[in-house]
Amino acid sequence: MAIDKTSFFKDVYEVTKLIPKGKVTSYGAIGNYLGIKGSARMVGWAMNQAGNYPDVPAHRVVNRNGVLSGKHHFGGDNMQRLLENEGIKVVDDKIVDFKSKYWDPTVELGL
DNA sequence: ATTATGACTTCAC
DNA sequence: CGTGAAGCCATAA
C-alpha cells in the first residue's frame with residue numbers, strides 16, 4: 001500500500017504527531033477536526049496504517065471513553081507502557097484523569 | 001460492483 | 001445507568 005496518496009490519512013498523522021507529550025485525544029476529536037465527523041472509524045483505520053509511520057504516536061489516541069481500544073492492535077500492552085512513560089496513568093486499559101489529559105485539536109490548534 | 005469488517009460514536013430502550 | 005442496535009467512510013476480498 002502506497003501511502004503518500006492518502007491525503008486525509010496524512011492529516012490524521014499530522015494532528016496525531018502534534019499531540020503534546022503526556023496528552024491524549026480521541027478518534028472523534030481528530031475526525032471532527034478533519035471534518036469527517038461521524039466516521040471516527042476512519043481515524044482508527046488511519047492509525048492502523050500508522051504502523052507505517054514511526055513518528056505517529058498512536059498510543060496517544062484513544063476512544064471517547066479514554067480507553068485503549070487499540071492497545072491490542074498496537075502490539076500488546078506496549079501501548080500502556082508508552083503512556084505510562086509519558087506520565088499518563090493507565091488502569092484497566094483506561095487513562096486516569098483522561099478529561100484532564102485530553103487534548104482537543106479543534107481547540108488547541110484553533111479550528 | 002457488492003458484501004463484509006473495522007483502533008468509533010451516538011441514539012434508543 | 002447499562003446494554004443494544006444503527007450510522008458512518010474507507011479498505012479488502
Side-chain angles (χ1 to χ4, degrees):
Chain A
M1 299 207 185
I3 333 178
D4 292 313
K5 303 276 197 135
T6 44
S7 47
F8 128 84
F9 275 36
K10 193 170 174 249
D11 282 342
V12 177
Y13 304 136
E14 264 189 73
V15 177
T16 306
K17 284 195 267 189
L18 282 169
I19 300 173
K21 183 185 171 218
K23 291 275 180 154
V24 282
T25 190
S26 57
Y27 303 94
I30 298 174
N32 187 10
Y33 177 73
L34 296 176
I36 61 174
K37 189 177 68 168
S39 297
R41 294 178 190 239
M42 300 300 84
V43 182
W45 264 116
M47 292 297 105
N48 188 351
Q49 293 186 58
N52 295 314
Y53 298 81
D55 292 318
V56 179
H59 60 272
R60 286 183 191 155
V61 184
V62 293
N63 64 354
R64 230 225 150 285
N65 244 333
V67 181
L68 281 57
S69 8
K71 93 156 190 195
H72 200 73
H73 275 268
F74 198 83
D77 305 306
N78 201 25
M79 185 175 182
Q80 179 173 336
R81 197 172 70 183
L82 284 165
L83 288 170
E84 289 184 335
N85 187 32
E86 304 210 342
I88 300 174
K89 251 188 206 148
V90 178
V91 178
D92 192 26
D93 296 346
K94 288 181 293 213
I95 294 175
V96 179
D97 202 1
F98 171 68
K99 187 173 67 177
S100 184
K101 295 178 165 62
Y102 185 59
W103 181 82
D104 192 347
T106 59
V107 176
E108 305 299 327
L109 296 179
L111 182 60

Next item on the list: Toss me the dot-bracket line for DNA chain C: Watson-Crick and G-U wobble, both under 3.5 Å, 5' to 3', using | for pairs to another strand and [ ] for crossers.
Entry: .||||||.|||||
Identify every side-chain donor-acceptor pair in residues 70-77 of chain A under 3.5 Å, counting partners at least two apart or on other chains, and give the distances.
| unit_1 | atom_1 | unit_2 | atom_2 | d |
| --- | --- | --- | --- | --- |
| A/Lys71 | NZ | A/Asp77 | OD1 | 2.9 |
| A/Lys71 | NZ | A/Asp93 | OD1 | 3.4 |
| A/Lys71 | NZ | A/Asp93 | OD2 | 3.4 |

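Across the interface with DNA chain B, nearest-nucleotide mapping of A/Trp45 and A/Val62 shows A/Trp45 to be the residue nearer the 5′ end.
Listed nucleotides B/dA7, B/dT10, C/dC8 differ in distance to A/Ser39; the shortest reach to its side chain belongs to C/dC8. The side chain of A/Ala58 approaches B/dA7 more closely than any other nucleotide in the set B/dT9, B/dA7, C/dA10. For A/Phe74, the listed nucleotide lying nearest its side chain is B/dA7; candidates were B/dT9, C/dA10, B/dA7. Comparing C/dC9, B/dA7, B/dT9 by their nearest atom to the side chain of A/Ser26 picks out B/dT9.
More than 12 heavy atoms of other residues, nucleotides or ligands lie within 6.0 Å of NZ in A/Lys17, so this atom counts as buried by the packing criterion.
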Polar-atom pairs under 3.5 Å, protein N or O versus N or O of nucleotides 3-6 of chain C: list them with distances, or write none.
none

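Separating the CD atom in A/Glu14 from the CG atom in A/Leu34 is a distance of 9.5 Å, to the nearest 0.5 Å.
Residue A/Asn48 is classed as a base contact, given a heavy-atom separation below 4.0 Å to a base. No contact: A/Ala46 has no heavy atom under 4.0 Å from any strand.
With A/Val61 as the partner, the side chain to side chain contact (heavy atoms under 4.5 Å, CB included) test is satisfied by one option alone out of A/Val56, A/Val24, A/Ile30, A/Leu68: A/Ile30.
Here C/dT11 presents its P atom at 5 Å from CZ of A/Phe9, a figure rounded to the nearest Å.
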